[in-house]
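Let me begin by presenting the structure, written as structure tokens, before commenting on it.
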Amino acid sequence: MPRSILKLPRNTVTTHPVDRSPTRKPIRGGSKATTRWPQKVDRDNRVPASAGQRPQRTDAPDKGAEDSPTGARVADQPGKTARPAQAAQPARPAKSYPPRGIARSTGVRAAPPVRVAQDAVGEPLPAMLESRPPPAPADPTPPATAMPEAATAGDRQRGLAKEPPRLSKLVSQLALCSRREADEWIENGWVTVDGVVVTRLGARVSPKAKIEITNAASQHQTASVTIVFNKPIGDAAAPDAGLAAIATLIRPDTHWAEDGTCRRFQASHLRGLAVAGKLDTEEHGMLVFTQDGSAARRLTGGGARLENEYHLRVQGELSPDGLQLLRHGLSLDNVRLERAQVSWLSEQQLRFVVHENRKRQIQRQCELVGLQVTDIKRVRIGGVSLGKLPPGQWRYLRPDERF
């Protein structure tokens, strides 16, 4: 018996063609408009849709039509009214700004700078303020924030007036000298401003003033001074406390009469005077005051290697090898001391020559070998010795002396 073959009916639905054109991969970072997509075909209306757009039906109602069985517009249907059109928004008014130089919040014009006049000696005269009335605003309506009536032109000034230069600065520029020398000339009365002698330090004058310097100032050569002072025993004054303490020690009446420098004491010699080479409270003898920065560095600098000679009065019994230990071999605070020159001056006097002397260093050295120091005096620093200078008096450093 032959097999029966089942035959299916042909599909009567028409198959729509599909675009099989090759597609391009979209470029990374590119816009959608540059991407080519396959063209879509609307199966209902046979209308191809453009790239990037959704296909629309041709028989769809218009956008203005509402859901109705006929698809007619609302305006065309009887019994219904159209929505009123929205009114156009009014344009924003343009911003208005005040004229240049007038504050937006207060409406006040800025005041001009204050003019300050000076007399010949640099004393400022009462300031003459020029206040201008504020101009009438363009808008007659008052501003929202008004300035208090108590405000004056001085409150509205911008910045402070520039002060005139000091007289010492102008003198140093005119005579090509240092400011310290200029102050000394002014203090001695050798400078005149517009014919008036000015002796006040720190005076300010006008740059246009006529400044004259006498011949005595040009013949006077100022040099840094160094003073050697013999500190007495038990002097409670603290020379490193400041200028006031130094002035109690360095006075014209305590100047040594046998000073061979023939220099006359002046008040300017105390200006900038500093102590170099301090002494402990129980020590006395040579003390140095100087205005020379290089001399101060040689005396007190970290690398100072100047010899300091001390004369000591001691009591007690020295150990057998005590003198050798004082010269070299002792340590203080776990620090080995440098070599020193130690010798006997008499049965109760020792001579010490050291390059450094920390606080009570020599006294502690003597205690380690069985001696007790009852008096200690410094007699020399470097190549400068105390000599015959009496206690409590001072002298100038001679030209042939140098630390």
Side-chain angles (χ1 to χ4, degrees), residues 115-128 160-229 239 242-276 288-296 393-403:
R115 300 178 182 177
V116 181
Q118 293 83 18
D119 59 0
V121 296
E123 296 292 341
L125 298 177
M128 305 300 293
L160 299 176
K162 186 177 180 180
E163 293 184 348
R166 295 184 182 273
L167 178 60
S168 59
K169 180 179 180 180
L170 299 180
V171 171
S172 63
Q173 294 176 354
L174 181 63
L176 300 178
C177 63
S178 64
R179 296 285 289 270
R180 186 175 60 85
E181 290 178 335
D183 288 337
E184 184 177 353
W185 295 354
I186 295 172
E187 192 175 15
N188 293 334
W190 297 337
V191 180
T192 60
V193 179
D194 294 334
V196 180
V197 177
V198 180
T199 58
R200 184 171 61 87
L201 296 178
R204 298 182 180 272
V205 298
S206 173
K208 299 181 180 179
K210 184 179 179 181
I211 301 174
E212 296 180 354
I213 304 173
T214 60
N215 296 331
S218 59
Q219 296 175 1
H220 177 75
Q221 295 181 356
T222 303
S224 300
V225 298
T226 302
I227 295 175
V228 179
F229 176 73
L243 181 60
I246 295 176
T248 59
L249 303 175
I250 311 301
R251 303 189 306 270
D253 57 329
T254 59
H255 188 192
W256 189 29
E258 300 181 11
D259 189 358
T261 57
C262 300
R263 186 188 293 267
R264 185 169 57 90
F265 175 76
Q266 299 179 7
S268 60
H269 293 170
L270 297 178
R271 188 181 301 115
L273 201 63
V275 61
V288 179
F289 299 93
T290 181
Q291 293 176 334
D292 189 0
S294 60
Q393 296 189 10
W394 59 273
R395 66 174 178 86
Y396 289 105
L397 188 69
R398 297 193 304 268
D400 60 332
E401 294 177 325
R402 183 177 178 84
F403 291 106

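The residues of the chain are indexed from 1 along the displayed sequence.
Not counting sequence neighbours, the partners of Glu212 by the salt bridge (charged side-chain N to carboxylate O under 4.0 Å, His left out) test are Lys210. Considering only residues two or more places apart in sequence or on other chains, Thr192 meets the side chain to side chain donor-acceptor pair (under 3.5 Å) condition with none of them. When the ring-ring contact (aromatic ring centres under 6.0 Å, His included) test is applied to Trp394, the partners found at least two apart in sequence or on another chain are His255, Phe265, Tyr396. For Glu187, the side chain to side chain donor-acceptor pair (under 3.5 Å) partners are Arg271, not counting sequence neighbours. Residues passing the side chain to side chain donor-acceptor pair (under 3.5 Å) test with Gln173, sequence neighbours excluded: none. Not counting sequence neighbours, Arg402 has no partner by the side chain to side chain donor-acceptor pair (under 3.5 Å) test. Shown here are the salt bridge (charged side-chain N to carboxylate O under 4.0 Å, His left out) partners of Arg166, two or more places apart in sequence or in another chain: there are none. With sequence neighbours excluded, the residues forming a side-chain contact (heavy atoms from CB on, under 4.5 Å) with Ala295 are Thr290, Asp292, Arg298, listed by chain and number. Arg179 meets the salt bridge (charged side-chain N to carboxylate O under 4.0 Å, His left out) test with no other residue; sequence neighbours excluded.
The shortest non-hydrogen separation linking Ala203 to Val198 is CB-CG1, 4.1 Å. Annotation for Leu270 and Gln291: closest pair N-NE2, 4.2 Å, computed over non-hydrogen atoms. Between Ile213 and Ala175 the shortest heavy-atom distance is CD1-CB, 3.8 Å. In terms of heavy-atom proximity, Val193 sits nearest to Ala209 at CG1-CB, 3.8 Å. Closest approach of Pro165 and Leu170 over heavy atoms only: CG-CD2, 4.0 Å. A pairwise comparison of heavy atoms in Ala182 and Val171 identifies CB-CG1, 3.9 Å as the closest pair.
Rounded to the nearest 0.5 angstrom, Ile211 CD1 and Leu174 CG are separated by 6.5 Å. Between the CZ atom in Phe229 and the CD atom in Gln393 there is a gap of 9.0 Å [rounded to 0.5 Å]. To the nearest 0.5 Å, the span separating CD1 on Ile227 from CD1 on Ile250 amounts to 5.0 Å. Expressed to the nearest 0.5 Å, how far OG of Ser172 lies from CG of Leu167 amounts to 9.5 Å.
At a threshold of 4.5 Å between non-hydrogen side-chain atoms, the residues Arg263 and Val225 count as touching.
A donor-acceptor distance shorter than 3.5 angstrom exists from the side chain of Thr254 to the backbone of Leu249, with no hydrogens or angles considered. Under the 3.5 Å distance criterion, the side-chain polar atoms of Asn188 are left unmatched by any main-chain donor or acceptor of Trp190.
Applying the salt bridge (Lys or Arg N to Asp or Glu O under 4.0 Å) test to pairs two or more places apart or on separate chains, those with a residue in residues 248-257 are Arg251-Asp253.
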